[in-house]
2 protein chains.
Amino acid sequence: MAKAAASRPGESHTPTMVDVALRAGVSTMTVSRALKEGSRVSKATREKIMVAVNDLGYVLDQSAGSLSSRKTGFVAAMVPSLNNSNFADTARGITDELESTGLQLLLGYTDYTVEKEEKLIEAMLRRRPEGIILTGGAHTERARRLLKGAGIPVVETWELPAKPIDQVVGFSNEEAMGLLVKTLARKGYRKFGYIGGTTSRDTRGSQRREGFVRAIEELGLPTGRLVSFGVPPISIEQGGQAIVSMLERWPDTEAVLCVSDLSAFGALMECKRRGLRVPQDIAIAGFGDYEVAAFCHPGITTVNVDCFGIGRQAARRLIQIIRGGEKKHEQEIILTGCRVVEREST
Amino acid sequence: MAKAAASRPGESHTPTMVDVALRAGVSTMTVSRALKEGSRVSKATREKIMVAVNDLGYVLDQSAGSLSSRKTGFVAAMVPSLNNSNFADTARGITDELESTGLQLLLGYTDYTVEKEEKLIEAMLRRRPEGIILTGGAHTERARRLLKGAGIPVVETWELPAKPIDQVVGFSNEEAMGLLVKTLARKGYRKFGYIGGTTSRDTRGSQRREGFVRAIEELGLPTGRLVSFGVPPISIEQGGQAIVSMLERWPDTEAVLCVSDLSAFGALMECKRRGLRVPQDIAIAGFGDYEVAAFCHPGITTVNVDCFGIGRQAARRLIQIIRGGEKKHEQEIILTGCRVVEREST
DNA sequence: GTAAGACATGTTATCGATACCAAATTAACA
DNA sequence: TGTTAATTTGGTATCGATAACATGTCTTAC
C-alpha cells in the first residue's frame, strides 16, 4: 500500500491502475474488475471508478494485463498483399468477425514470398497471438515448425492445401478455374488461351493454371496456349502485355482466361485500344470478381469468390477454438463457395 | 534458482527464457542480451544460447519484454478503408519504413467515421503504441483528448488539418483539385461538372469539392453543376449512377471531374455503355491515380498523389521522434507532392 | 435468530521479460 | 608482473495488470 505510485506534483506520468484505485478509494483488483465487463462489481463502486478513470484519462494497459492473464487478445493474419481488394476483403471479414470478441488483429503482408512470411510469422509469434490465419498452403519448413511449436490454432485460407497444418477455410482454385473453362466451352468456344504465371510465389495462380490445363485436356480441346508474366503482384499492366503476346503467337485464339480480373481488365483494355471487339473477336474472362470486372464495359465474365466470407469463417473458427477452450481441437476443413459470373466479355 | 520452471517431463509447456537459460547454463539476463542485437555477449556464449533456443523452439515473448522495458514496439495507424488502393499504398509505406526499425504496425480501418475511429484509437492505446498515424484531421473531441493524454507522437496524414494535433504529412486536397480545374480550363473546357459527396465522413472528398467550386468561381465559369452520391466508400458503381444524373440535369456539360478515379472510371464506363465518346462528347477526370485510371481506355486524366510516400514519411517522422527520444518534439508539417497527370479522357 | 449461501471487495503471488548495478573475468599497458 | 581498464556475466527488483484465494457483508430461509 505504501507503494502509491501517485504522481508527485508537477510530474506528469501516464496513470496506472494504482492511481485509479487510490483516487476511487478501492483496490486495484476492484478497478480491474470494473473495467472488465461481465464481472460483478456494485453499481456504486463501478461509478466511482469510472469517474476516477475519466478524471485521470486512464487507459487500460493490455500488455500488462495479458502477461498475467496469459491471454494477449491478439490474432495474427497474413495476406500476400494489402493492395488487392480480394485480400483486403478477407482482412475485413476477419476484423469484422473479431471485433465483437474483443480480439485484435495483427495484420501483415508477405509480398507473395514464403521467406517474408516466415519472418512475419516469427515476428508475430513474439506477440503471442491466440490464433493465426495464413493465406495458402505454401510455407517454409521452419515456418511450419514455428507454428506447430506455438501451440495455437492455425487456419490456412484461400486454398485447399495438400498437407494442411491445422484448420482450412478455402476452395479449390483448380476446380474453380476448370468450372470456368467448362462454362465457356459449353458456349461454343474451342481455342482457349490462358494468361497467368507459374511462379511458386503465387500458388493460387499456379493452381488455377493447372485447373485450366486439366480441363482443356479433359475436353479434348487444343492445348498449349499459355502465356505467363512476371512476378506477383498481378497487375493490370501485365494483363495488357500478356494479351499482346498471346495474339502474336496464337492469333486465332477465341477465348482468353486470366488468373485474375486485374489481368483480364488489362487485356480487355488493350484489345479495345487495338480496335478488337470483345467478345466477337476475342472473349476474355477473369477470376476474383473485382468491382472493376462488374462495371467495366463490357463487363468481364469471372469467378466470384467469397473473399469476405473466407475472412469471417476463418476468424469464426479460430474464435470457436480459442474461446471454446478445446484443448486438442479437431481439424476442420471448411469449403467456401465460388461461382461463375457470366458477363458480356464472353 | 529453485524457481526452475523447467518442464516436468510429459508436460509440454511453451518454453520461457528460464528454460533457455537453464539449458545453456547461463542466467536469463544473458539470454535476454544474446537475443537483442547490439548487446555485448561473447561469441561462445551466444552460440551456446542459440543452440538452446533452437533446441527448445523458443520464441521471445515481447509482451513480457515490453512491460519491463516500457517500450512496446508498436505503432498504430488508422486508414478509412483497407479496400482502397490509395490507402493500402500508404499502409504499405508505413510498414516498409517501420520494418527496418523493428517496430510493428497495428493497423485499423475506420470505415470513414470518426466514431469508429474513436473506438479504434482507444483500443489501440490499450496496447501502448509508441506513436500513432491517422488519416485526415477530423476526430471526435474525446479522441483528441485520448491522444493528447497518451503522450505519444501523432501524425495526421492525407490532408492539412486546420488545427493539427501534432505532426502532419499531407497535401491540400483543395489546391490539388483547383489545379486540375485550371489545367482543364486551359485546354478550353468551360462547363465543368463535379461528382462527389459532401458528407462529413470523407473530409478529403469535401475539400476537393470545395477546391473545385472555388476554382470555378475564380475563373468565372458557370457554377452549380454538382452531383453528390451516397456515403463512402466511394465506388465505381456510384460514379456510373452519378454521371447519369449529371447528364440528365446538365446535358451540355463539357467536362466532369470526380472525387476519385474510381467514380471517374464508373462514369467513363457508363458513358461508353451509352455510346458517348470520351473526351469528344464529354471529358472525364478523376483523382488519386489508381492503376485502373492509367490502363483503362481511354486513360483517365487524374491527380497523382504520393500515397506510398505519405506512409513512408509519416512513419519516418514518428521514428525520428520515438528513437530520437525528443522529449518535447516540435511540430512539423511535411508537404507531399501531387501533380496532374493528363491522359486521353480530357 | 441463526446458519448457509450469494455477492462484493481485498491480499498476495505471480506472469516473462529487462533495467540497473555489482561481481567476475579477461585484456591492456607501464 | 602488477595494476587498471574493458568486457562479460549474474542477482535482484520491477514493469502493470490479473488469478486465486481469503475475507467481509448482506440476504434469505427455516
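Order of the sequence lines fixes the chain letters, A, B, ..., with proteins taken first and strands second; residue numbering starts at 1 for each chain.
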Option among B:K148, B:H329, B:E156 that satisfies the side chain to side chain contact (heavy atoms under 4.5 Å, CB included) test with B:D166: B:H329
Within the structure shown, what part of the strands sits under 4.0 Å from [X] by heavy-atom distance: base, sugar-phosphate, or nothing?
| X | value |
| --- | --- |
| B:R70 | sugar-phosphate |
| A:T45 | sugar-phosphate |
| A:V31 | nothing |

Provide, to the nearest angstrom, the distance between the [atom1] atom belonging to [X] and the [atom2] atom belonging to [N].
| X | N | atom1 | atom2 | answer |
| --- | --- | --- | --- | --- |
| B:L35 | D:dT9 | CG | P | 14 Å |
| B:R127 | D:dG16 | CZ | P | 17 Å |
| A:L22 | D:dA17 | CG | P | 13 Å |
| B:L125 | D:dA17 | CG | C1' | 17 Å |
| B:R40 | D:dG10 | CZ | P | 14 Å |
| B:E47 | D:dT8 | CD | P | 14 Å |
| B:L67 | C:dA19 | CG | P | 12 Å |

More than 12 heavy atoms from other groups under 6.0 Å of NZ on B:K119: no
Distance test, side-chain N/O of [X] to OP1/OP2 of [N], below 4.0 Å:
| X | N | result |
| --- | --- | --- |
| B:S42 | D:dT9 | yes |
| B:T16 | C:dG16 | no |
| A:Y58 | D:dA17 | yes |

From the options [options], select the nucleotide whose nearest atom is closest to the side chain of [X].
| X | options | result |
| --- | --- | --- |
| B:A64 | D:dA17, C:dG16, C:dT11 | C:dG16 |
| B:R128 | D:dC15, D:dA17, D:dG10 | D:dA17 |
| B:K36 | D:dG16, C:dA8, C:dA19 | C:dA19 |
| A:S32 | C:dA8, D:dT18, C:dA19 | D:dT18 |

First of A:M29 and A:K43 reached from the 5' end of DNA chain C, by closest nucleotide: A:K43
Residue whose closest nucleotide on DNA chain D lies nearer the 5' end, B:T28 versus B:S68: B:T28
Sidechain N-carboxylate O distance under 4.0 Å for A:R126, B:D61: no
Charged N-O contact under 4.0 Å between A:E97 and A:R317: no
Aromatic ring pairing B:F74/A:F74, orientation class (parallel under 30°, perpendicular over 60°, tilted between): tilted
Polar side-chain contact B:R33-D:dG10 base: donor and acceptor under 3.5 Å: yes
